[in-house]
Amino acid sequence: MTKNFPKLNEQMDLIRKGVEEIIPEEELEKKIIKGIKNNKPLRVKLGADPSRPDLHIGHGVVLKKLRAFQDLGHTAVLIVGDFTAMIGDPSGKNKTRPALTFKETKENAKSYFEQAGIILNSKDLEIRNNSEWLSKMSFEDVIKLLSNSTIARLLERDDFSNRYKNGIPISVHELLYPFAQAYDSIAVKSDIELGGTDQKFNLLLARDIQREYNQIPQVIITMPILEGLDGVNKMSKSLDNYIGLTEKPNDMYGKILSIPDELIIRYFTLASDLSVNEIDKIKSDLENGKNPRDAKHELAFEITKNYYSIDDAKNAADAFHKLVIKKDIPDDIPEYKCSSENILLADIIFDAKMVSSKGEAKRLIKQGGVSINKKKITEFLNKINIQNGDIVKIGKRKFLKLVLSD
RNA sequence: GGGUCAGUGGCCGAGUGGUCAAUGGCAUCAGACUGUAAAUCUGACAGCAGUAGCUUACGGUGGUUCAAAUCCAUCCUGGCCCA
């Protein structure tokens with residue numbers, strides 16, 4: 001199979017977009033030149049962590065970079081850490097992560113691929129489980145592997161040294177994680193490995209180890225960690241500041257609009273497919289007084305479009321204007337069947353699972369957060385008379401359509 | 001192995017026998033306001049209950065007491081010091 005690789009400059013331009021570091025850049029150029037000359041795609045490794053089944057656009061940053069390599073004709077090698085999931089990557093963590101069972105790992109891996117598949121091209125994609133080689137290693141093999149580094153080196157890592165200083169436990173097996181990951185690179189003979197900046201240590205260690213095992217060390221490319229909706233912390237599910245890859249277009253659009261203005265360019269760079277030139281244009285427009293709101297709408301549109309379609313993005317934009325700006329009601333609202341016309345409002349919204357307890361329902365009503373047909377209801381003790389088709393609004397974004405059934 | 005300290009609500013962290021469903025901060029939710037689902041201000045924030053009542057909660061279990069998050073015993077988890 002012959003491939004037509006783009007020229008070095010073209011490749012480098014695309015690769016450089018948004019990256020934090022390329023270590024070392026000259027080696028990358030050499031590898032690319034060699035690839036073009038020998039007509040051989042580079043093997044670009046990315047470790048998938050099956051302990052986190054829900055991907056968000058923060059994960060998308062690095063997946064997009066991997067996709068960029070695929071678009072350039074290279075081979076994406078996705079490693080499922082089914083074996084290492086038993087350890088749990090300590091990167092960026094301040095506590096030991098619970099080990100997963102094999103079954104959980106499998107299920108998570110499945111949903112990981114469904115979601116990563118949104119971004120990656122299924123061609124030029126090689127998927128490997130690291131249990132394939134790690135489970136076969138003997139204790140002797142492990143000792144050989146571990147003899148390539150020192151405790152001092154491991155403790156240099158921020159994650160570990162912070163935990164150590166602050167008296168937070170570090171289990172010994174966590175120290176082995178970077179070695180397992182490094183060994184993956186040897187097993188798949190990676191030319192390049194991608195990761196977030198929090199992976200830098202692990203990625204670099206693999207270079208040393210590959211050298212010990214007589215392989216040409218991989219080039220490492222780190223991507224910035226995308227901030228979440230709060231604009232401060234990294235995007236993560238546990239902080240609930242994330243935009244899921246599989247979120248509905250409307251939610252995706254709305255959530256993007258809620259990012260702080262300062263993050264607009266960063267999001268364009270890391271999460272959209274716009275070219276560096278296009279992004280520079282937006283940047284200068286903003287500096288010349290363009291309303292950030294408009295730029296943010298463009299951003300929301302772009303990202304939603306990439307994950308769905310132009311039409312979906314348009315619809316999401318319309319829905320946002322309707323729901324949030326004009327405070328209108330959305331088109332599709334869940335229905336709730338009422339058997340009686342006389343009923344407590346609190347019971348309805350609790351039963352329809354719009355709130356997690358009746359106390360919460362009462363609280364919302366008391367605070368004026370619930371309305372029927374745009375009329376606020378603030379008395380939670382009175383029963384209400386319902387008409388078929390009444391629209392109940394709960395809080396800012398939840399709606400319920402009442403349907404009488406007899 | 002010995003000693004010692006700690007484990008509190010989504011998180012951080014007060015509280016050392018009754019006045020504790022438990023101060024405060026963060027997060028969250030609602031209302032007002034706004035270009036925004038931002039910022040700010042106000043309020044709420046265990047569950048059940050037609051409203052001062054009940055239930056479940058301060059690592060687990062058992063106990064002392066009229067009464068325990070607070071005391072005792074034991075177990076689990078972890079930190080630190082010594083070996």
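What you see is a predicted model, and the numbers here were worked out from it, not measured in a lab. Order of the sequence lines fixes the chain letters, A, B, ..., with proteins taken first and strands second; residue numbering starts at 1 for each chain.
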Taking the six-membered ring of Y242(A), is the NZ or CZ of K255(A) close enough (under 6.0 Å from the centre) and on axis enough (within 45°)?
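Because its charged atom sits under 6.0 Å from the ring centre and within 45° of the axis, K255(A) does stack over Y242(A).
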Ignoring hydrogens and geometry beyond distance, is a side-chain donor-acceptor pair present between D351(A) and Y336(A) at under 3.5 Å?
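Yes.
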Taking the same atom, C1', in C45(B) and in G62(B), what whole-Å distance lies between them?
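Straight-line distance between the two C1' atoms is 34 Å.
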salt_bridge(E278(A), K283(A)) N-O dist < 4.0 Å:
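Salt bridge flag = no for K283(A) with E278(A).
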Using atom NZ of K296(A) as one end and atom C1' of G35(B) as the other, report the distance to the nearest whole Å.
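Value for this atom pair: 9 Å.
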If the C1' atom of U55(B) is compared with that of U65(B), how far apart are they to the nearest Å?
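That atom pair is separated by 23 Å.
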Are the charged groups of E227(A) and K234(A) less than 4.0 angstrom apart, N to O?
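K234(A) and E227(A): not salt-bridged.
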Check this for me, if you would: do R207(A) and E27(A) make a salt bridge, where the nitrogen-to-carboxylate-oxygen distance has to be below 4.0 angstrom?
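Salt bridge flag = yes for E27(A) with R207(A).
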With C1' as the reference atom in both, quote the distance from A37(B) to G7(B) in angstrom, rounded to an integer.
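One C1' to the other, the span is 38 Å.
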When the P atoms of C75(B) and C54(B) are compared, how many Å lie between them, rounded to an integer?
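Their P atoms lie roughly 37 Å apart.
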What is the distance, to the nearest angstrom, from the NZ atom on K396(A) to the C1' atom on A32(B)?
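So the two atoms are 10 Å apart, to the nearest Å.
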Carboxylate-amine/guanidinium proximity below 4.0 Å for K17(A) and D13(A):
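No, no charged N to carboxylate O under 4.0 Å.
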Rounding to an integer number of Å, can you tell me how far K362(A) NZ sits from C48(B) P?
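These atoms are roughly 7 Å apart.
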With P as the reference atom in both, quote the distance from C12(B) to U8(B) in angstrom, rounded to an integer.
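Approximately 7 Å lies between the P atom of C12(B) and that of U8(B).
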What's the CD1-C1' distance between I365(A) and A30(B), to the nearest Å?
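After rounding, the gap between these two atoms is 12 Å.
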Rounded to the nearest Å, what distance is computed from the CZ atom of residue R397(A) to the C1' atom of nucleotide G31(B)?
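So the two atoms are 15 Å apart, to the nearest Å.
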Reading RNA chain B 5' to 3', what string of ( ), [ ], | and . shows its pairs, if Watson-Crick and G-U wobble pairs count only when both distances fall under 3.5 Å?
((((((((.[[[..)..(.....]]].(((((.......))))).(((....)))...[[[[[..)....]]]]]))))))).
Distance check, C1' atoms only: A14(B) and U23(B), in whole angstrom units.
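Taking atom C1' in both A14(B) and U23(B), they lie 6 Å apart.
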Interatomic distance where CD belongs to E262(A) and P belongs to A39(B) [whole Å]:
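It is 11 Å, rounded to the nearest whole Å.
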Just by protein heavy atoms under 4.0 Å, how would nucleotides 53-60 of chain B read 5' to 3' in B, S and -?
--------
Could you check V370(A) against F320(A) and say which one's nearest nucleotide on RNA chain B is further toward the 5' end?
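By nearest-heavy-atom nucleotide position, the 5'-most residue is V370(A).
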Among I394(A), I329(A), V392(A), side-chain contact (heavy atoms from CB on, under 4.5 Å) partner for F399(A):
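When I394(A), I329(A), V392(A) are each tested with F399(A), the side-chain contact (heavy atoms from CB on, under 4.5 Å) holds only for I329(A).
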Can you tell me how far P of C12(B) sits from CD1 of I168(A), to the nearest Å?
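So the CD1-P distance, I168(A) to C12(B), works out to 10 Å.
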Are the side chain of E193(A) and the backbone N or O of L203(A) linked by a donor-acceptor pair below 3.5 Å?
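No, E193(A) side chain to L203(A) backbone: no donor-acceptor pair under 3.5 Å.
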No-hydrogen, no-angle side-chain donor-acceptor test under 3.5 Å, R157(A) and N202(A):
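Result is yes, a qualifying pair exists.
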Proximity to the side chain of K376(A) - top-ranked nucleotide from G78(B), A32(B), C48(B):
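When the side chain of K376(A) is considered, A32(B) is the closest of G78(B), A32(B), C48(B).
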Check D273(A) with K64(A), please: is the shortest side-chain N to carboxylate O separation under 4.0 Å?
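A salt bridge is present here (some side-chain N lies under 4.0 Å from a carboxylate O).
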If the sugar-phosphate is the primed atoms plus P, OP1 and OP2 and the base is the rest, what is the B/S/- string for nucleotides 40-47 of chain B, using protein heavy atoms under 4.0 Å?
---BSS-S
Please give the distance between the P atoms of G3(B) and G9(B) as a whole number of Å.
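Straight-line distance between the two P atoms is 30 Å.
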Would you mind classifying the nucleic acid contact of D261(A) as base, sugar-phosphate or nothing, using non-hydrogen atoms under 4.0 angstrom?
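If one applies the 4.0 Å heavy-atom cut-off, D261(A) turns out to touch a base.
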When the nearest nucleotide of RNA chain B is assigned to Y253(A) and to K393(A) on a heavy-atom basis, which residue is associated with the more 5' position?
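Nearer the 5' end of the strand: K393(A).
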From NE2 of H321(A) over to C1' of U34(B), roughly how many Å is that when rounded to an integer?
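Whole-Å distance recorded here is 15 Å.
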Reckon L364(A) touches a base, only the sugar-phosphate, or nothing at all at heavy-atom distances under 4.0 Å?
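Touches sugar-phosphate only.
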So, K144(A) and E212(A), do they make that salt bridge, N to O below 4.0 Å?
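So K144(A) does not pair with E212(A) through a salt bridge.
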Looking only at atom P, what distance separates C5(B) and G10(B), rounded to whole Å?
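Per the computed distance, 29 Å lies between those P atoms.
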For a quick check of understanding: with a heavy-atom distance under 4.0 Å over all strands, which category does G368(A) fall into, base, sugar-phosphate or nothing?
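It contacts sugar-phosphate atoms only.
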Q218(A)-S190(A) side chain donor-acceptor pair, cut-off 3.5 Å
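Distance-only check passes for Q218(A) and S190(A).
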Do NZ/NE/NH1/NH2 and the carboxylate oxygens of E126(A) and K45(A) come within less than 4.0 Å?
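K45(A) and E126(A): not salt-bridged.
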